[in-house]
Amino acid sequence: MLRNRCCDAIPFLAKYCCDDDIWKQINAFLAGAVSVCILLFCDRFWQAVQLIPDHLHNSTTFGTTTATTTNPDNDDDDDESWIDPWNVPMQATNRFMASLNIGELPIPFKRRQHWPWETIRRRFVSPSLDHNNDNNKEEKEKNTNGEEIGQEENRKGSNGNTTPIDRVEVTVINEPSLHTAFEMDELSMGSLPAGDDINTTNRNNNTSNTESNNVNSSSDTIHNDNMSPKKKKNALCIGSIFGLDVGGTLAKLVYFEQKHPDLDPRQTSLRERHYAKAASAQAVVMARLEKEKLLSNKVMHQHRPTTINKTSNNKGSNDELSEHDLTASKQSQYMLRRRSFSIGLIGRVATKEEETDENNDDEEEKRLDQEPSNSHTNKHNKKKDHRSEQDLKRLYALRQESLPDDVRHFRHSVDFHTLEEDTYKEIFESIRSATLDNGDYNSVDANETRTAQDSVMGRSKSMFDMSNLVQQKVEALDRFYTFARRLGDQDDAIQDHKLSFYCRELGGEFHFISFETRRMKNAMDLIRYNNLHLNIQEMGATGGGAHKFADIWERELGIRMDKQDELDSLVAGMQFVLSTVIGECYTFRPKCNAPERQVSSSTAGTSSSTNEKGEVDQPKVGLSLNESMESASTQEEKEPTVNNSAAASAETKTNVDEWWWSRKVQRDSISYSSSYPYLLVTIGTGVSVLRVDGPRNYERISGSTIGGGTYWGLMRLLTDVESFDDAMKLAEIGDPSKVDMMVGDIYGTNSDALEKLGLPANVVASSFGKLVAKEEPAEGLTQEDLARALLLLVTNNIGQVAYLNAKLSNTRRIYFVGSFLRHNTISQRRLSYAIDFWSKGEMEALFLQHEGYFGALGAFLKSQKIEKQEEGYFQWEDGRHMPPWRPNQS
Ligand SMILES: Nc1ncnc2c1ncn2[C@@H]1O[C@H](COP(=O)(O)OP(=O)(O)O)[C@@H](O)[C@H]1O
Ligand SMILES: CC(C)(COP(=O)(O)O)[C@@H](O)C(=O)NCCC(=O)O
């Protein structure tokens, strides 16, 4: 039946198709439909463009960014834009994010979709599969890499061809109408921007120093009326709080936040609170001493004639005070008032012991109550004294818990002796209101030594130049701090909260953030999106990226990179931290029940020894791998309940390896001359080896191309992990013996030849070598196994390079730093073990908590000209603000 109907329809269709009119109608209909589609598409597109946040279309609050989507070459029109019109969905996200708050990265990154090694193999087997979406995406990702920044970006057209889009660019211009009153003043007067004190001083002094010349010229440029308004820059600068280190893999940002935990009870850190309490205790001690002194004076003066009769004759002799008494009394009252102020300021926290004490106190008070006494006042005074005694004891005890960052500064820092109470209050108030310049420091006796607080304030002022622009700067800083706090929540940037530390000498806290260098474009977008660039003219920067990205940062953000040498910064940053942060340095040692190191006569990296039974023991080398040990290690980590006897029995069977070397111990600092020379091995993308002979005396003696970049690059290729931390988690549970070829795999386990070779069967002969002989290399392997084997491959190689260089340079200490070691205890333990083993206990591998941030910190210090002058002491290069601290200074 269907067939009959079709047969009927054909002549019908044939008849109409031949009819010209109808054919024309069909054509017209189709043309209409296509036009409607195009219109619809345009409408959608326009709607999407409307989603771009208003402030990106128009000038922003500070009147410096304009952003719409037109021809960048049109100079008359300030509609230049950094917004990619083809990325409209991203703008929609931006709008949403902007409404949320500042600090969001504009582009969420998608997960890669390939299965590990199979992708590579599939590619090899079937090239056609290569053109899948994932690969396109990866290509696209590559385009967001630093190399492509500022270059023409590619986008996919509807036909799938890659077509270039117009280059988009942002420029920073001044729009007077939108300037704050202050900025207008500054600009109209043609005065210099209020940057750092240092810059100002340099300008004033007109020094011949190249850096200051740069500053001069750049400042002049900024205010040259003849220059293009696009080059003009906002006068406010908070760049002096940053240090940036842009390496091959990671960009590290350090920023400094001024804080006064001694004085501000609202500070959150426990340690800071303790410290503040201890300061209070100091005040109490002093009050007590003064009081006692006064009392003894009084007693003395009761027995000698007074020179001034303070009161009329009807007053008792006790009330007759000498001039000296009056001064002492005044001082004592002042001390007591100060004491109550400091106690009030700090508040009291009752601990368990205190509670017990309090019970005792109650008893004591009851006893006092019961004590027969003639005068009620007397009793009351005794009670008061007793309480005060207790207060003193409690507060003073806190001193033990409240070690400052640098113990040597403790005494000095808590000494309020030279500050008048009013001054002290003013300081406190001034900190509270974040207006640091209203304290009347001049009221402090000019002849008296300035206290630590005083010095800190002076120094801080010089860093932030709070004397002018206070409000604007505080606002700009606040905006940045809010941004930075939110940044830590992002996937793409990591704020290492745990690494923040307080530096008493500089009066503030350092914070640390890192993000991947390949996300640089996003980081820049983020900075611009949050308008942070408006208040940053210049920042200290180091690493290869400080050179590579300098132009684009200046062009697109208007931020100049004050370039600092990479290795100088590294060493400066490291030495600063070592002399500032207690507990920075650590190493790994064998567990307490681990076997003794067994010294072998064989060459480094290959050794064996015999156990009590005369059998060849487990390998004793950093390169060794032992299945039972490794599995025990895994077990131990997975099952922390493993009992000691099991571990002890494992001890006799397993080798000494990083599993045993799992006891983390704190090591001392190197800020003493006796610790030079030392070897500094920085494991970044690549590896640099430095011999450090003194504070500013070092030489790069070697390096290796097998570094953190090798590990992370290969991990991205071989596994699905998206983050370095995930890579570490995989490695923790992997079994490398499935991947590495052991000596026994080549010789067989019982060969006589092994003895002559001096190698036990279970030493690694070749990293990843086991895959050579397998029919299907990937069979039976997990990503975890690959992760672990790869990690050990890279670590062992670095360990050997380090050891050999330490031997050549005759250095005993080897400091391993760099972000490769971040959360990477496997490598740290392996290095600790291997260095100890190869050097027969002569050398020690050392690690530092802030491993990856020394370059950035050094860049900050160097750009701010904070130099190490004496051991453990830093000050501005020109020594203007802080008098050197002397151990015997009271
Ligand atoms: N979040 C991370 N993302 C990428 N790599 C990381 C991360 N954390 C640590 N690493 C490791 O740190 C290495 C980079 O170390 P880093 O000291 O920052 O060197 P660079 O200055 O060359 O970037 C990476 O190659 C990788 O091995
Ligand atoms: C070139 C580098 C100094 C750059 O530092 P990084 O970004 O890796 O921290 C470093 O990668 C390196 O020292 N590479 C090893 C080069 C060599 O000695 O062969």
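Please read these numbers as outputs of a predicted model, since none were measured by experiment.
Taking a cutoff of 4.0 Å between a charged side-chain nitrogen and a carboxylate oxygen, Glu842 and Lys840 do not qualify as a salt bridge. In summary, Asp745 and Lys770 engage in a salt bridge, as defined by a charged side-chain N under 4.0 Å from a carboxylate O.
Shown here are the ring-ring contact (aromatic ring centres under 6.0 Å, His included) partners of Tyr853, two or more places apart in sequence or in another chain: Phe512. Ser839 pairs by the side chain to side chain donor-acceptor pair (under 3.5 Å) definition with nothing, not counting sequence neighbours. Arg691 meets the side chain to side chain donor-acceptor pair (under 3.5 Å) test with Asp693; sequence neighbours excluded. Under the rule for a side chain to side chain donor-acceptor pair (under 3.5 Å), the partners of Asp726 that lie at least two apart in sequence or sit in another chain are Ser723. For Ser766, the side chain to side chain donor-acceptor pair (under 3.5 Å) criterion is met by no residue, not counting sequence neighbours.
Rounded to the nearest 0.5 angstrom, Asn810 CG and Leu808 CG are separated by 9.5 Å. Annotation: the span from Ile513 atom CD1 to Leu250 atom CG amounts to 13.0 Å, rounded to 0.5 Å. For the atom pair CG of Leu567 and CG of Leu680, the computed distance is 8.5 Å after rounding to the nearest 0.5 Å. Leu690 CG to Met574 CE: the interatomic distance, rounded to the nearest 0.5 Å, is 9.5 Å.
The minimum heavy-atom distance between Met715 and Ala787, with the atom names listed, is CE-CB, 3.5 Å. Pairing each heavy atom of Ala789 with each of Asp740, the nearest pair is CB-OD1, 4.0 Å. Between Ser827 and Thr795, the shortest heavy-atom contact is OG-OG1, 2.8 Å. Closest approach of Gly707 and Val794 over heavy atoms only: O-CG1, 3.6 Å. When every heavy atom of Ile683 is checked against every heavy atom of Gly708, the shortest pair comes out as CG2-N, 4.0 Å.
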Taking distance alone, no hydrogens or angles, what donor-acceptor pairs closer than 3.5 Å link side-chain atoms of residues 843-851 to residues at least two apart or in another chain?
from   : atom 1 : to     : atom 2 : distance (Å)
Glu844 : OE1    : Arg667 : NE     : 3.2
Glu844 : OE1    : Arg667 : NH2    : 2.9
Glu844 : OE2    : Arg589 : NH2    : 2.8
Glu844 : OE2    : Arg667 : NE     : 2.7
His850 : ND1    : Glu584 : OE1    : 2.7
His850 : ND1    : Glu584 : OE2    : 3.1
His850 : NE2    : Leu499 : O      : 2.6

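Ring orientation note: the planes of Trp838 and Tyr803 are tilted relative to one another, at an angle of 30° to 60°.
Under the 6.0 Å cut-off for aromatic ring centres, Tyr815 and Tyr678 qualify, their centroids lying closer than that.
Residues Leu717 and Leu714 have side chains in contact (heavy-atom distance under 4.5 Å, counting atoms from C-beta outward).
Using modelled atom types, one finds a donor on one side chain and an acceptor on the other under 3.5 Å when comparing Thr685 with Thr249.
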